[in-house]
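In this chain, residues are counted from 1 in sequence order.
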Amino acid sequence: MNRFSTTIYYFSLRFVQILLLLLSGLLLASAFLATCYSTDMGTQLVLSKWDNPFWSLLGTALLALPVRGAATCICRKKTEEKAVPLEKRKPLSRLAILRLAVLGWCMAVGLVLILFGRSAPAADAYSVYSIAEHLAAGDSSVIHPSESYLSYYPQQAGLTAFWEILIRLWNLAPTGLAAYHFIKLVYLPLTCAIIFFGEKLVHLLWNHERTDCIYLLLAGLNCPLLMYSSFVYGEIPSFAALSAGLYLLTKLLLKDSCPSEKNSRFCLGLGSFFLLTLAVLLRKNSLIFVIAAVLVLLLVGLWQKRPALPLLAVCCMAGALAVLPCVQKYYELRSGSTISSGVPALSYLAMGMQESSRAEGWYNGFNFNTYQETGMDAQATEAASLEAIQERLSFFRKNPGEAARFYLRKYLSQGADGPYACRQATLATQGGRSPFFVSLYEGDKSRYLISYCNIYQNVLYLGTFVFCLAGCRKKRPGDPGSTPRRPEPDRGEFQLPAYLGLIAVLGGFLFHMAWEANSRYIFLYSLAMIPCAARGLFLLLCRNPDQ
């Protein structure tokens with residue numbers, strides 16, 4: 001490797017490590033000191049309160065220590081490197097049993113929530129679902145340049161296509177149940193796929209069973225993930241595709257785990273390209289993860305002199321940018337009508353600077369209303385949005401204290417909300433839930449759910465911070481006091497591929513500080529933290545890293 005590419009790679013790595021340490025430290029401090037939550041499911045007003053750091057620390061210890069202790073009891077000190085003869089292998093290892101138990105637990109809780117939680121599509125989810133139902137029934141009149149939901153939000157065309165396929169399959173069954181019940185059933189194995197591929201990624205990066213165990217326990221104890229498994233929208237299927245795609249991509253990036261056969265490497269690249277493109281199809285914000293993957297591919301490809309990696313980066317970016325316009329074009333050809341360009345991005349930026357009845361920078365209808373008032377004229381909407389942005393900037397310049405308060409509240413309403421709006425998002429029709437679940441989602445018992453989620457969030461942020469701190473403290477090869485330089489990293493523990501998910505987390509937080517805010521949007525970034533948080537908890541609570 002030449003000196004220039006090595007310098008660029010390690011400069012980028014150190015830059016990323018420092019930024020992530022700052023972000024994770026900020027998240028940890030805010031989660032320990034503050035809590036954001038909602039009590040009124042009608043207004044969904046985000047309230048905030050200051051926490052007692054002592055009780056936060058105690059709650060974090062009461063969750064983190066048993067997780068670490070359980071991992072110590074379940075798993076061996078380290079993964080055996082030597083192959084074990086088939087006749088001497090046990091039918092199932094303790095780690096395999098734990099994996100099955102966690103996946104079974106997630107399926108069981110998901111089924112209980114489907115049967116008794118009874119969440120139903122609402123708001124945007126209902127609009128997309130209704131269009132998919134019409135299209136599945138052969139009614140293409142829902143594709144219209146001015147009287148269609150897709151003409152306001154054309155980025156939802158991908159999720160519409162996915163649901164249309166599922167609804168068509170469901171319509172083959174002789175039942176009168178609504179198809180969204182079937183969609184929730186499909187989401188259960190997809191939730192398990194998130195956990196499964198997350199564990200495979202953890203094992204790929206660190207080859208350490210106790211870290212694998214901690215990851216599985218953290219995933220199984222993740223209450224927002226369990227509750228969002230029955231949320232009929234794009235989060236679960238898109239992140240399932242991301243989890244599998246990032247695992248395949250990381251396997252390709254790490255040379256000591258990448259297969260030597262050209263066909264196998266091609267399959268890994270093709271699989272990651274397909275899955276990352278699918279993730280963007282189902283949820284456009286997944287583009288942030290794709291951008292993170294593209295950056296890592298370019299830097300690693302330059303460093304290791306692997307021209308196929310920059311080529312894959314170009315393909316992934318092209319696929320992510322083209323997939324939604326292609327689906328939109330398909331629906332236009334199929335219906336013989338057109339889909340308008342949709343609400344301009346500038347109006348989301350303007351709305352992200354405004355007050356809202358829920359919290360600072362959250363949805364207040366500005367983007368939709370402005371686009372509608374201008375007769376769905378994108379240029380006029382952009383002009384009105386730019387004017388609103390300039391007015392808000394002028395106000396912030398004259399009132400710097402108010403600007404600081406606004407963005408602090410906007411940040412806390414997203415980063416310090418332990419449940420990540422899982423109660424507000426998974427609403428049910430009136431009278432659809434039993435009294436216990438009504439109380440759990442919106443009544444007295446919800447405070448216990450909120451408290452637990454906040455403790456879990458503290459553990460998650462703590463583990464992520466420790467991992468980022470350990471990465472910053474590790475010297476690069478060739479620095480004074482470090483081990484002699486090696487041509488390749490040692491399994492990539494603190495190399496760029498290990499930070500791929502966290503780079504997306506950094507981009508996501510910065511994006512939503514400018515864009516429309518919502519703690520539900522941050523939920524997927526919290527899932528991306530779990531692998532590194534699991535490793536961080538192990539590094540924090542173990543005496544010897546080789547245990």
*When you look at Ser357 and Thr43, which way does the side-chain contact (heavy atoms from CB on, under 4.5 Å) test go after all the steps?*
CA-CA 7 Å; Ser357 60; Thr43 64; over 6 Å; no

*Tell me, please, whether Phe406 has Arg392 positioned over its six-membered ring: NZ or CZ under 6.0 Å from the ring centre and within 45 degrees of its axis?*
yes

*Would you check if Val46 and Tyr37 make a side-chain contact, meaning some heavy-atom pair closer than 4.5 Å?*
no

*For Asp40, does the CG atom sit with more than 12 other heavy atoms under 6.0 Å from it, leaving out its own atoms?*
yes

*Take Leu460 and Leu218 through the side-chain contact (heavy atoms from CB on, under 4.5 Å) test and state the conclusion after the steps.*
CA-CA 8 Å; Leu460 178 68; Leu218 287 178; 5.6 Å; no

*What is the minimum heavy-atom distance between Leu226 and Gly220, and which atoms define it?*
CD1-O, 3.9 Å

*Would you check if the side chain of Ser148 reaches a backbone N or O of Pro145 as a donor-acceptor pair within less than 3.5 Å?*
no

*Parallel, tilted or perpendicular for Tyr129 and Trp163, by the 30°/60° rule?*
perpendicular

*Ring geometry between Phe289 and Phe239 (parallel below 30°, tilted from 30 to 60°, perpendicular above 60°)*: perpendicular

*Grab the two heavy atoms, one from Leu190 and one from Ala240, that are nearest each other, plus how far apart they are.*
O-CB, 3.6 Å

*Tell me, do Leu527 and Asn222 make a side-chain contact under 4.5 Å, heavy atoms counted?*
yes

*Okay, side chain of Ser526, backbone of Phe523: is any donor-acceptor separation there less than 3.5 Å?*
yes

_Ring geometry between Tyr441 and Phe437 (parallel below 30°, tilted from 30 to 60°, perpendicular above 60°)_ = tilted

*Might you work through the salt bridge (Lys or Arg N to Asp or Glu O under 4.0 Å) test for Arg409 and Glu402, ending with a clear yes or no?*
CA-CA 10 Å; Arg409 282 277 300 141; Glu402 183 62 24; over 6 Å; no

*asked:* For Asn367 and Tyr152, which I'm curious about, is there any donor-acceptor pair between the side chains at under 3.5 Å?
replied: no

_Among Lys410, Arg405, Gln354, side-chain hydrogen bond (donor to acceptor under 3.5 Å, both in side chains) partner for Glu360_ = Arg405

*Is the backbone of Ser127 close enough, under 3.5 Å, to the side chain of Ser130 for a donor and an acceptor to pair up by distance?*
no

*Heavy-atom closest contact (Val232 atom, Tyr180 atom, distance)*: CG2-O, 4.2 Å

*Criterion side-chain contact (heavy atoms from CB on, under 4.5 Å) on Leu221 and Tyr452, from CA distance to verdict*: CA-CA 10 Å; Leu221 293 171; Tyr452 171 79; 3.3 Å; yes

*Within the side chain of Thr191, is there an N or O that forms a donor-acceptor pair under 3.5 Å with the backbone of Tyr187?*
yes

*asked:* Take a 6.0 Å sphere around CH2 of Trp515 and say whether it holds more than 12 heavy atoms from other residues, nucleotides or ligands.
replied: yes

_Under the side chain to side chain donor-acceptor pair (under 3.5 Å) test, residues paired with Tyr411 that sit two or more places apart_ = Ser30

*Please round to the nearest 0.5 Å and tell me the distance separating atom CG of Leu216 and atom CD1 of Ile195.*
8.0 Å

*asked:* Could you tell me if Thr464 and Ser24 have a donor-acceptor pair between their side chains, going purely by distance under 3.5 Å?
replied: no

*Does the Ser385 side chain pair with the main chain of Ala350, one donor and one acceptor, at a distance under 3.5 Å?*
no

*Would one find more than 12 heavy atoms of other residues, nucleotides or ligands at under 6.0 Å from atom NE2 of His134?*
no

*Are any non-hydrogen side-chain atoms of Leu298 and Val294 less than 4.5 angstrom apart?*
yes

_Within 6.0 Å of CZ in Phe116, more than 12 heavy atoms from elsewhere_ = no

*asked:* Please check: side-chain N/O of Ser340 versus main-chain N/O of Ser146, any donor-acceptor pairing under 3.5 Å?
replied: no

*What is the distance from atom CG of Leu333 to atom OG of Ser140, rounded to the nearest 0.5 Å?*
12.0 Å

*Is the OH atom of Tyr126 crowded by more than 12 outside heavy atoms at less than 6.0 Å?*
no

*Is the backbone of Pro154 close enough, under 3.5 Å, to the side chain of Gln328 for a donor and an acceptor to pair up by distance?*
yes

_So, applying side-chain hydrogen bond (donor to acceptor under 3.5 Å, both in side chains) with Glu516, which one of Tyr348, Trp362, Tyr521, Tyr363 is it?_
Tyr521

*Of the non-hydrogen atoms in Ala136 and Asn171, which two are nearest, and what is the gap between them?*
CB-ND2, 4.2 Å

*asked:* Taking salt bridge (charged side-chain N to carboxylate O under 4.0 Å, His left out) as the definition, give me every residue that meets it alongside Arg447, ordered by chain and number, with sequence neighbours left out.
replied: none

*asked:* Using side-chain heavy atoms (C-beta onward) and a distance below 4.5 Å, is Cys422 in contact with Cys223?
replied: no

*Do Pro237 and Leu282 come within less than 4.5 Å of each other through their side chains, counting heavy atoms only?*
yes

_In the structure I gave you, are the side-chain heavy atoms of Leu297 and Leu311 within less than 4.5 Å of one another anywhere?_
no

*Given the rule in the ring pair (Phe, Tyr, Trp, His ring centres under 6.0 Å) test, do Tyr407 and Phe396 qualify, once you have shown the distances and angles that lead to the verdict?*
CA-CA 11 Å; Tyr407 281 104; Phe396 285 153; 5.7 Å; yes

*Yes or no on side-chain contact (heavy atoms from CB on, under 4.5 Å) for Leu242 and Arg283, after CA distance, side-chain angles and deciding distance?*
CA-CA 11 Å; Leu242 277 175; Arg283 184 176 180 270; over 6 Å; no

*Indicate the atoms forming the closest heavy-atom contact of Leu177 with Trp170, along with that distance.*
O-NE1, 2.9 Å

*Would you say the side chain of Tyr233 lies within less than 4.5 Å of the side chain of Gln156, judging by non-hydrogen atoms?*
yes

*If every non-hydrogen atom of Gly415 is compared with every non-hydrogen atom of Phe509, which pair is closest and at what distance?*
CA-CE2, 4.1 Å

*What is the ring orientation for Phe231 with Tyr228, classed by angle as parallel under 30°, tilted 30 to 60°, or perpendicular over 60°?*
perpendicular

*Under 3.5 Å, is there a donor-acceptor pair between the side chain of Glu332 and the main chain of Ile143?*
no

*Leu427 versus Gln44: any side-chain heavy-atom pair under 4.5 Å?*
yes

